[in-house]
K.L.:
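Mind having a look at this structure? Questions to follow.
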Amino acid sequence: MTKSVRIAAWNVNSLKVRLPQVLRWLGEQAKADKPIDALCLQELKMSDDKYPHRELEAAGYLNLVAGQKTYNGVAIIVRRSALASMSSDIETTFINPIRNIPGNADEQQRILAATVCFSGLQPLRLVSAYFPNGQSPDSDKFAYKLGWLTALENWLKVELANNPRLALLGDFNIAPSDIDVHDPSKWIGQNLVSVDERAAFQRLIDLGLSDSFRMFEQVPKSFSWWDYRMMGFRRNAGMRIDHILLSDALKTKCSASLIDKEPRKWEQPSDHAPIIAEIQA
DNA sequence: ATGGCGACGTAACGTCGA
């Protein structure tokens, strides 16, 4: 019997508001016999003490959290029954956890990494990432974004050497190519698509990471984020800025990569859709 | 069409996201 896991990422834009949808999505995926074994969340917008451990544990998931009030905040959620040993202990489930980029002092909670051992699979190194937005190329926030990207690249080089089976999942706030933008002519040089950001994305690829989504045939105009304004979703005026990057060792094991637009259609949705990659043993 | 939506904090709007 072939063993596989589904790993996913979702920028929920406030877990306080979106918890019911996270639970619904996890439940529907499981019911459809496509359970999510690991879910990396971004933009929790809550401190650690507000995290809904109880509700998610009751649904069968264990949680590692790097929270922050108001902005940012990331988590890794794993399905207990998919683990190699059905632990209920966070310390033994999430091995070698890392919060933030080592050596890069930052108040903003944007990186959470841990190694997880699923039943039937070699250990997986999961990195839940919320890249800075950048606001606009002439802003201080953009300079922060570029500095952060360099720090990430330098850290991941080491992390990949130590953990060959690595997945980087989350909201990259970069549309890697013009086909990831609904109207590229309107976006030339702007935040999310600028030459500097795309060069930084390419440097991550050059470390030995692959954009799992582009390993498979996809329908044109596939996006992961749509502006709440201007009826962005209804017009499919979106961007593909959420990604699952896989190391070479995982790339060969990946059997599917997709964006699930369904939750974006629900009442009071996040502006991002969840993304999924399937990894075979 | 440069604001439009939505969440947050603090208490009727400003700030931020992308």
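Naming: A, B, ... by sequence-line order, numbering from 1 per chain.
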K.L.:
Quick one: which of A/F131, A/W225, A/F201 gives a ring-ring contact (aromatic ring centres under 6.0 Å, His included) with A/H243?
P.N.:
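With A/H243 as partner, A/F131, A/W225, A/F201 yield a single ring-ring contact (aromatic ring centres under 6.0 Å, His included), made by A/F201.
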K.L.:
Between P on B/dT2 and CD on A/Q190, what's the gap in Å once rounded to a whole number?
P.N.:
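Distance check: A/Q190 CD to B/dT2 P gives 13 Å.
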K.L.:
With the side chain of A/Y228 defined as its heavy atoms from C-beta on, choose the nearest nucleotide among B/dC16, B/dA7, B/dG6.
P.N.:
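Nearest nucleotide to the side chain: B/dG6.
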K.L.:
Nearest whole Å is fine: how far is B/dG4 P from A/F233 CZ?
P.N.:
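From A/F233 CZ to B/dG4 P: 23 Å.
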K.L.:
Whole Å only: how far is the NZ atom of A/K69 from the P atom of B/dT10?
P.N.:
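Whole-Å distance recorded here is 5 Å.
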K.L.:
Grab the CH2-C1' distance between A/W266 and B/dG6 for me, whole Å please.
P.N.:
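That distance rounds to 19 Å.
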K.L.:
Using the rule salt bridge (charged side-chain N to carboxylate O under 4.0 Å, His left out), only one of A/K3, A/R6, A/K34 pairs with A/E278; which is it?
P.N.:
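The salt bridge (charged side-chain N to carboxylate O under 4.0 Å, His left out) with A/E278 is passed solely by A/R6 among A/K3, A/R6, A/K34.
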K.L.:
How many Å lie between CG on A/D227 and C1' on B/dG17, as a whole number?
P.N.:
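Going from CG in A/D227 over to C1' in B/dG17 covers 9 Å.
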K.L.:
Find the distance A/E43:CD to B/dG6:C1' and express it as a whole number of Å.
P.N.:
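Whole-Å distance recorded here is 11 Å.
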K.L.:
If you measure from the P atom in B/dG3 to the same atom in B/dA12, how many Å do you get, rounded?
P.N.:
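B/dG3 and B/dA12 have their P atoms separated by 25 Å.
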K.L.:
Could you measure between the two P atoms, the one in B/dG6 and the one in B/dA11, and give it in whole Å?
P.N.:
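25 Å, rounded to whole Å.
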K.L.:
Would you say B/dG17 has OP1 or OP2 under 4.0 Å from some side-chain N or O of A/R229?
P.N.:
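For A/R229, the contact criterion (side-chain N or O under 4.0 Å from OP1 or OP2 of B/dG17) is not met.
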K.L.:
How many Å lie between CE on A/M231 and P on B/dG6, as a whole number?
P.N.:
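Rounded to whole Å, this separation is 12 Å.
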K.L.:
When you compare B/dC13 with B/dA1, how far apart are their P atoms, in angstrom units rounded to a whole number?
P.N.:
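Taking atom P in both B/dC13 and B/dA1, they lie 31 Å apart.
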K.L.:
What contact category does A/N11 fall into here, base, sugar-phosphate, or nothing, at under 4.0 angstrom with non-hydrogen atoms?
P.N.:
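Touches sugar-phosphate only.
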K.L.:
Can you see if the side chain of A/T70 gets near the phosphate of B/dA7 - specifically, an N or O under 4.0 Å from OP1 or OP2?
P.N.:
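No, no such contact exists.
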K.L.:
With no hydrogens and no angle check, do the side chains of A/S194 and A/E197 hold a donor and an acceptor under 3.5 Å apart?
P.N.:
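The answer is yes; a qualifying pair exists.
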K.L.:
Could you tell me whether the side chains of A/Q42 and A/D171 share a donor-acceptor contact shorter than 3.5 Å?
P.N.:
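Side chains of A/Q42 and A/D171: no pair found under 3.5 Å.
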K.L.:
Of the listed nucleotides (B/dC8, B/dC16, B/dG4), which one gets closest to any side-chain atom of A/K16?
P.N.:
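The answer is B/dC8.
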K.L.:
Below 6.0 angstrom between ring centroids: does that apply to A/W266 and A/W25?
P.N.:
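Aromatic pair excluded; centres sit 6.0 Å or further apart.
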K.L.:
Quote, to the nearest angstrom, the C1' distance that separates B/dT10 from B/dG4.
P.N.:
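Rounded to whole Å, the distance is 24 Å.
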K.L.:
Starting at atom CD of A/Q268, determine the distance to atom C1' of B/dC5, rounded to an integer number of angstrom.
P.N.:
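A/Q268 atom CD is separated from B/dC5 atom C1' by 12 Å.
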K.L.:
Choose from B/dT10, B/dC16, B/dA7 the nucleotide whose nearest atom is closest to any side-chain atom of A/K141.
P.N.:
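When the side chain of A/K141 is considered, B/dC16 is the closest of B/dT10, B/dC16, B/dA7.
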K.L.:
Which residue, A/Y130 or A/K45, contacts DNA chain B at a nucleotide closer to its 5' end, judged by nearest heavy atom?
P.N.:
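On the 5' side of the pair lies A/K45.
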